[in-house]
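To start, I am sharing the structure in question, which I have written as structure tokens.
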Amino acid sequence: MPTFRSAWNWVFGKHLPKPPNPDRTVEAGWVPVWQGPMLTDLLKDEGIPAVWTEDFNLNVGVYNRESMARIFVTEDRQAEAAQLIEEFTGVAPRHRKI
């Protein structure tokens with residue numbers, strides 16, 4: 001029988017995190033648009049399925065000063081993709097604030 005403490009933790013989010021889902025697509029990084037195709041090809045060469053899309057921002061200069069691209073991978077490969085992007089570019093990949 002569940003205790004009051006376990007019910008409290010369940011209601012307020014102190015439960016175990018779900019494992020990464022290989023069927024879910026997530027953002028691996030937000031990079032300048034000229035790096036999008038190059039980094040996607042790099043990830044594909046390493047065996048990580050990836051796609052990129054141009055991020056159309058109406059307010060240039062709010063978050064960036066150039067055209068940006070988003071790179072998407074499966075959730076189970078997100079950490080590996082972020083590590084490869086950081087090794088290749090020398091900086092950790094940023095993520096677009098929504």
Side-chain angles (χ1 to χ4, degrees):
M1 179 163 177
T3 64
F4 176 74
R5 181 178 206 120
S6 65
W8 182 268
N9 288 341
W10 179 80
V11 169
F12 291 103
K14 294 186 179 181
H15 48 280
L16 296 174
K18 294 179 183 177
N21 184 353
D23 295 329
R24 185 168 179 245
T25 304
V26 295
E27 181 183 298
W30 189 54
V31 297
V33 75
W34 64 271
Q35 290 180 354
M38 178 176 56
L39 291 173
T40 302
D41 289 342
L42 170 76
L43 293 172
K44 287 179 183 177
D45 290 343
E46 295 294 326
I48 300 172
V51 296
W52 73 278
T53 183
E54 224 175 315
D55 187 21
F56 295 99
N57 186 1
L58 296 176
N59 302 318
V60 176
V62 173
Y63 297 117
N64 59 325
R65 296 194 182 271
E66 59 187 325
S67 298
M68 300 295 278
R70 291 180 186 225
I71 298 176
F72 294 98
V73 297
T74 56
E75 189 176 34
D76 61 332
R77 307 296 295 271
Q78 183 180 20
E80 186 180 353
Q83 181 182 4
L84 283 171
I85 291 171
E86 183 173 358
E87 287 175 7
F88 189 76
T89 62
V91 294
R94 296 185 298 164
H95 296 280
R96 174 75 157 85
K97 297 177 184 177
I98 295 179

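Each residue takes its place number in the sequence, starting with 1.
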Trace of the side-chain contact (heavy atoms from CB on, under 4.5 Å) decision for V31 with T89: CA-CA 10 Å; V31 297; T89 62; 5.8 Å; no
Side chain to side chain contact (heavy atoms under 4.5 Å, CB included) against T53, all qualifying residues, sequence neighbours excluded: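 For T53 the side chain to side chain contact (heavy atoms under 4.5 Å, CB included) partners, ignoring immediate neighbours, are R70, F72.
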Sub-4.5 Å side-chain heavy-atom contact between T25 and V51: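 T25 does not reach V51 side chain to side chain.
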Heavy-atom closest pair, residues I71 and A50: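 Scanning both residues completely, I find the closest heavy atoms to be CG2-CB, 4.5 Å.
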Mind listing the side-chain donor-acceptor pairs of residues 42-49 below 3.5 Å, one per line with the distance, residues two or more places apart or on another chain?
none

4.5 Å side-chain heavy-atom contact, M38 and F88: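 Result yes, sub-4.5 Å side-chain heavy-atom pair found.
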Shortest non-hydrogen contact from A82 toward A28: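 For A82 versus A28, the nearest heavy atoms are CB-O, 4.4 Å.
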Where at least one partner belongs to residues 75-86, residue pairs that pass salt bridge (charged side-chain N to carboxylate O under 4.0 Å, His left out), sequence neighbours excluded: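 Checked against salt bridge (charged side-chain N to carboxylate O under 4.0 Å, His left out) - neighbours excluded - the pairs reaching residues 75-86 are R24-E75, R77-E80.
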Which atom of W30 lies closest to which atom of M68, heavy atoms considered: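 Closest approach of W30 to M68, heavy atoms only: NE1-CB, 3.5 Å.
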Rounded distance [0.5 Å steps], CD in Q35 versus CD1 in I85: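 Between atom CD of Q35 and atom CD1 of I85 there are 9.0 Å.
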Residues that V33 engages under side chain to side chain contact (heavy atoms under 4.5 Å, CB included), provided they are two or more places apart: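 Partners of V33 under the side chain to side chain contact (heavy atoms under 4.5 Å, CB included) test: W52, E54, S67, A69.
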